[in-house]
**Student:** 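My questions all concern the structure below.
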Amino acid sequence: INSALNTISNTRASSSNYDTAKAIHDYICDKMTYDYQSAGYGQAHCAAPLFGGGGRGYTFVCEGYANSFKLLCDRFGVPAVHVKGTAGGPHSWNYVQMDDGLWYGVDCTWDDNDSTPPLYTYFGVGSNTLVFNGKTFGQDHTPEDQVMTTNTVNPLVYPDLESEAYIPGDHFTFTGESASDNREVAGNAEFNWRFVGEMSAEGQVFVSVDGTRVTTLDMTQDGRFSY
């Protein structure tokens with residue numbers, strides 16, 4: 001596994017959740033191969049063959065892809081879950097928490113087209129994101145209501161999937177600010193914002209570009225700033 005971790009560390013553009021998850025997605029799609037006939041082999045459902053174990057090379061089914069993505073995200077400290085459900089039949093995929101603190105869908109199995117670079121149709125998607133066949137991801141992938149654990153009183157429940165696809169870039173989260181906040185950025189800046197909590201009547205968030213105030217953010221909704 002150290003070889004995989006080193007490759008991902010060296011190829012990711014930054015240590016952000018987005019860039020790390022993207023590098024993991026790309027590594028998996030490059031190294032793994034889907035094989036319908038492998039479904040009867042237990043190794044095809046786990047991550048071990050990706051790291052040289054098991055003896056069947058890099059041949060997997062969807063559960064092996066999802067387990068591999070989850071394991072590698074865990075090693076890099078990127079929150080992710082393995083999702084089981086249906087997508088034209090029994091299927092496994094992942095949810096990953098991006099840098100805005102929200103959760104998005106990733107399906108490495110369906111993005112693996114045995115080419116470089118891989119597809120990104122199913123990377124960082126929201127429930128309303130259009131994927132193949134004119135369907136949204138939410139229509140295409142239906143998770144089970146919950147994953148039962150030995151704790152039947154408080155079973156593991158999947159996090160809420162964001163409705164729209166993730167937009168990479170800087171993200172600022174503002175929480176319950178009672179005084180004005182001035183956000184200084186450089187020219188040609190882009191970032192996403194979200195507000196959590198309640199802002200008092202006098203609270204405002206301004207954006208200044210190269211020392212000149214250019215706008216006041218609308219804290220009634222999440223948004224994206226571009227200048």
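Predicted model only: the values in this text are computed from it and were never measured.
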**Student:** Counting distance only, does the side-chain N/O of Thr129 pair as donor-acceptor with the main-chain N or O of Gly126 below 3.5 Å?
**Tutor:** yes
**Student:** How would you list, by chain and number, every residue that makes a side-chain contact (heavy atoms from CB on, under 4.5 Å) with Ser15, sequence neighbours excluded?
**Tutor:** Arg12
**Student:** Quick one: does any side-chain atom of Asp30 pair with a main-chain N or O of Asp26 as donor and acceptor, under 3.5 Å?
**Tutor:** no
**Student:** Check Tyr65, Trp93, Phe60 against Thr109 for a side-chain contact (heavy atoms from CB on, under 4.5 Å) and give me the one that passes.
**Tutor:**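 Going through Tyr65, Trp93, Phe60 one by one, the side-chain contact (heavy atoms from CB on, under 4.5 Å) with Thr109 is satisfied by Tyr65 alone.
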**Student:** Looking at side-chain heavy atoms only, is the closest gap between Val106 and Phe69 below 4.5 Å?
**Tutor:** yes
**Student:** State which residues pass side-chain contact (heavy atoms from CB on, under 4.5 Å) with Leu130; sequence neighbours excluded, sorted by chain then number.
**Tutor:**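 Expected list: Thr136.
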**Student:** Strictly distance-based, threshold 3.5 Å: is any side-chain N or O of Asn17 a donor or acceptor partner for the main-chain N or O of Gln97?
**Tutor:** yes
**Student:** Under the rule for side-chain contact (heavy atoms from CB on, under 4.5 Å), what residues qualify as partners of Pro90, not counting sequence neighbours?
**Tutor:** none
**Student:** Does Pro118 offer a backbone N or O that forms a donor-acceptor pair with the side chain of Asp112 under 3.5 Å?
**Tutor:** no
**Student:** Of Thr20, Asp19, Ile24, Asp99, which is the lone residue that meets side-chain contact (heavy atoms from CB on, under 4.5 Å) with Val78?
**Tutor:**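 By the side-chain contact (heavy atoms from CB on, under 4.5 Å) criterion, Val78 pairs with just one of Thr20, Asp19, Ile24, Asp99: Thr20.
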**Student:** Might you point out which heavy atoms bring Leu161 and Gly105 nearest each other, and give the distance in Å?
**Tutor:** CD1-N, 3.3 Å
**Student:** Output all residues satisfying ring pair (Phe, Tyr, Trp, His ring centres under 6.0 Å) with Phe123, sequence neighbours left out; order by chain, then residue number.
**Tutor:** Tyr18, His25
**Student:** Looking only at heavy atoms, what is the nearest atom pair of Leu72 and Ile8, with distance?
**Tutor:** CD1-CD1, 4.0 Å
**Student:** side-chain contact (heavy atoms from CB on, under 4.5 Å) for Val61 and Tyr34? Distances and angles first, verdict last.
**Tutor:** CA-CA 6 Å; Val61 292; Tyr34 190 90; 4.1 Å; yes
**Student:** Answer yes or no: is there a donor N or O on one side and an acceptor on the other, between the side chain of Asn94 and the main chain of Ala66, under 3.5 Å?
**Tutor:**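 A pair under 3.5 Å: yes.
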**Student:** Give me the atom names and distance for the closest heavy-atom approach of Trp103 to Pro159.
**Tutor:** CD2-CG, 3.5 Å
**Student:** Show the nearest heavy-atom pair for residues Ser92 and Lys84, with the distance to one decimal.
**Tutor:** OG-CG, 3.8 Å
**Student:** Mind checking the CD-OG spacing from Glu164 to Ser127? Nearest 0.5 Å is all I need.
**Tutor:** 7.0 Å
**Student:** Testing the basics here: between Ile28 and Cys108, what is the closest heavy-atom pair and its distance to 0.1 Å?
**Tutor:**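 Scanning both residues completely, I find the closest heavy atoms to be CG2-CB, 4.0 Å.
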**Student:** Would you indicate whether Asp160, at its atom CG, is surrounded by more than 12 heavy atoms from other residues, nucleotides or ligands within a distance under 6.0 Å?
**Tutor:**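 At most 12 heavy atoms, drawn from other residues, nucleotides or ligands, come within 6.0 Å of this atom.
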**Student:** Show your reasoning for whether side-chain contact (heavy atoms from CB on, under 4.5 Å) applies to Val131 and Asp107.
**Tutor:** CA-CA 11 Å; Val131 286; Asp107 190 336; over 6 Å; no
**Student:** Measure from the side-chain N and O atoms of Asp100 to the backbone N and O of Leu102, and report whether any donor-acceptor pair falls under 3.5 Å.
**Tutor:**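 Checking the backbone N and O of Leu102 against the side chain of Asp100, a donor-acceptor pair under 3.5 Å is found.
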**Student:** For residues 72-82, pull every pair meeting salt bridge (charged side-chain N to carboxylate O under 4.0 Å, His left out), keeping only residues two or more places apart or in separate chains.
**Tutor:**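 Matches after skipping sequence neighbours: Lys70-Asp74.
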**Student:** Can you sort out the partners of Trp110 under ring pair (Phe, Tyr, Trp, His ring centres under 6.0 Å), two or more places apart, ordered by chain and number?
**Tutor:** His91, Tyr122, His141
